[in-house]
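Below: one structure, written as structure tokens.
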Amino acid sequence: MAPIPGSGLAKGLAVTLRTMTKKTVTAQYPDVQPELPPRTRGVIGLFEENCTVCMLCARECPDWCIYIDSHKETVPPAVEGGRERSRNVLDRFAIDFSLCMYCGICIEVCPFDALFWSPEFEYAETDIHELTHERDKLREWMWTVPAPPALDEAAEEPKELAAARKAAEKLAAEQAAAAPQPGEDPQ
Amino acid sequence: MNDVLDVALRLLVVFVVFLTFPLIVGQTEHKVMAHMQGRLGPMYAGGFHGWAQLVADGVKFAQKEDIVPANADRRVFQLAPAVALLPYLLVLVAIPIGPGEGAVGQVVDAGIFFVLAVMGVGVLGSLMAGWASANKYSLLGGLRTAAQLLAYELPMLLAAASVAMAAGTVSLPGILNAFEWWWLPWQIVGALVFFVAGLAELQRPPFDMPVADSEIIFGAYTEYTGLRFALFLLAEYAGIVVLCGLTTVLFLGGWHGPWGADGLGWLWTLAKTGILAFLVIWLRVSYPRLREDQLQKLAWTVLVPLALAQIALTGIVKVAIN
Amino acid sequence: MTLGPPVTLAATAPQGFLSPTGVEIAFLLVGMATLGAAVITVTTKQLVHAALWLVVALGGLAVEYLLLTAEFIAWVQVLIYVGSVVVLLLFGLMLTKAPIGRSPDADSGNRWVALAVAIASAGALVWVVVDAFRTQWIDLDGAAQGSTEVTGTILFRHWVLPFEALSVLLLAALVGAIVLSRKNGDAETAEAAGTPTSATDKEQR
């Protein structure tokens, strides 16, 4: 069936009128903060305690924007007569965000969960050199990292939790086994 | 002395209307257009939803340097904005918004001819600007303006003549006094032709070929800056007010309404004008620009025959009811 | 151009040229301005300026009609001449890329012949008008004698034959325009709209 002449014109008017009654999509950014999805790649945060200075991140970085300095420290033996251990101590951890292309490879390769994506994005600077952020700044961003999404209800228990729970249960069982003995003594 | 005061008061009111209504239409256009495109439009100027955006624009324009191109024809270039703007002020004087002597700036005997004649003069401003700018884009814009005016003046006049025939008078208050509700369906074709031709004469989208910014920058106004440019913009919005007011008076019955005709007639006029102004904005948002040949074709092969048919219909009905 | 008010409408009371009223003074002043604009129109070396001065001259003429209470004629004058004819002129000038500044080559060299023709036609017009009206005065204070109603009545009662003859003339111009535009190989089917505006537009095409 041929369309009624002018129906296209009416349709055009209807589209604009319908749009007018709908909610606008304008983001009033400085006044209203955007609602970002949890996996937003805003900036990279560093959880220093987990870092072992393995240098994997710095090596894998495609544009070499991660700078790491460290030195070795000797740790006295844990038990008398044992061997001295050496440990890496982080001196400097900096990411140059003027080079970073937010590929996230460093976060992927970190075997010790020391790097995280943070949704924080308001770190523009007026000088390009100031975009190289040092470890204290990266650590501040660490606290803005959202909690990871909850696991599925039926999912297997995470290994860390399982290990911790087993240890706690074992301890409790030992205590339970030990506790009755003082109670039995008086009898 | 009382007469002088009366005249001065009327002129003052018309002047205030001339300065405020185009701004209101412009602000409405900002907001309506934004929301029709899923945006918010101006939100900052003046605090509440950017109500003072156009005031801020005016201040901005006033601060800008007034540039006249070196090769331009200085006097014609500088005179053009006034020629474009003043006719609309004159037309506003003759549009009645309510019944009685008190609700019109000045009763003009040949009202229809007055308003159409003076509106036609306004286009001279665009032509002068287009020629005097010494710019090929301006010249093209001026050419297109002239071609468009020549094409659309005729259907507009014919449609207005149809109403004058129906009412048996060419005075605007006279036409409104003779208005009956069934004129609405009787003159509907004429109303459409008049409104469309008026839009084309104002160079409003979708008939904005003369100022098509993607092709010829801003047509005749390309070289203008500062206040003179603002005057051209003001002329466009004053033109919208005038066109909507005229369509209301000629075709929609002005102050006549289903109820509240006594004392509140002017509200009806304003409401109808406002709805038409909204329609103007709505059309701008909805439709793409017509090409130059489509423009001419629409005028000569659609609007002129329609207007002539409307005149014939008006004549037949007029003879029949007499 | 306009047909003057017929004898029956003019007040016949004799009046003098001394102690003129304000309207008469205004009439003379506007007339002088109109004449000046007209002279500049034909003497200026700048083409577009000539067209713009023509606007002033035609507008001045409209004001003169207004002062004679011929309101309808005045607005029609503005509508047709200022609104359409001058726009057409400007359109034509822009098509020829009329330069800004003087264009000395635009002189046809017929200056003196043109002057003679102008003086002759002006003389003829003045003679006809003076002979027709002599010392009759229009009563400006009473009901407007040039109102739309009066003009319409006179036009379609007394002067209907010339009116129709003029229509035929315009129709002839229209047909001629179509023929001319066809001869140039323009196969465009021209639609007939019997008005001077459309006819002249066809000529432009």
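Proteins get letters first, then strands, A, B, ... in listed order; numbering begins at 1 in each. Only heavy atoms go into these numbers, but all of them, side chains included; no hydrogens, no water, no symmetry mates.
More than 12 non-hydrogen atoms from other residues, nucleotides or ligands lie less than 6.0 angstrom from CZ of B:Phe18. Atom NZ of B:Lys318 sits in a crowded spot, with more than 12 heavy atoms from other residues, nucleotides or ligands closer than 6.0 Å. Within a 6.0 Å sphere centred on CG of B:Asp66, heavy atoms belonging to other residues, nucleotides or ligands number more than 12.
Taking each heavy atom of B:Leu150 and C:Ser84 in turn, the nearest pair found is CD2-O, 3.9 Å. For the pair C:Phe91 and B:Leu143, the tightest heavy-atom approach, listed with the atom from each and the gap, is CE1-O, 3.2 Å. Scanning all heavy atoms of the two residues, the minimum distance from C:His49 to B:Asp73 falls at NE2-OD2, 2.7 Å. When all heavy atoms of B:Ala117 and C:Val78 are compared, the pair lying nearest together is CB-CG1, 3.7 Å.
Residue B:Val123: no heavy atom, backbone or side chain, is found under 4.5 Å from chain C. Only the side chain of B:Leu124 has a heavy atom closer than 4.5 Å to any heavy atom of chain C. Only the side chain of B:Leu157 comes within less than 4.5 Å of a heavy atom in chain C; its backbone stays farther off.
Of the candidates B:Val115, B:Leu116, B:Ile112, B:Leu116 is the only one forming a side-chain contact (heavy atoms from CB on, under 4.5 Å) with C:Leu79.
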side-chain contact (heavy atoms from CB on, under 4.5 Å) assessment of B:Leu140 paired with C:Met94: CA-CA 9 Å; B:Leu140 277 175; C:Met94 284 183 183; over 6 Å; no
Contacts table for residues 160-167 of chain C: side-chain donor-acceptor under 3.5 angstrom, sequence neighbours left out:
{"from": "C:Ser167", "atom 1": "OG", "to": "C:Phe163", "atom 2": "O", "distance (Å)": "3.0"}

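Note that OG1 of B:Thr145 is 11.0 Å distant from CG of C:Leu90, once rounded to the nearest 0.5 Å. Remark: B:Phe113 CZ to C:Ile80 CD1 distance equals 8.5 Å, nearest 0.5 Å.
Per-residue heavy-atom pair counts under 4.5 Å with chain C were compared for B:Ala132, B:Ala146, B:Pro305, and the maximum is reached by B:Ala146.
Counting only heavy atoms from C-beta outward, the side chains of C:Val48 and B:Val76 never approach each other to under 4.5 Å.
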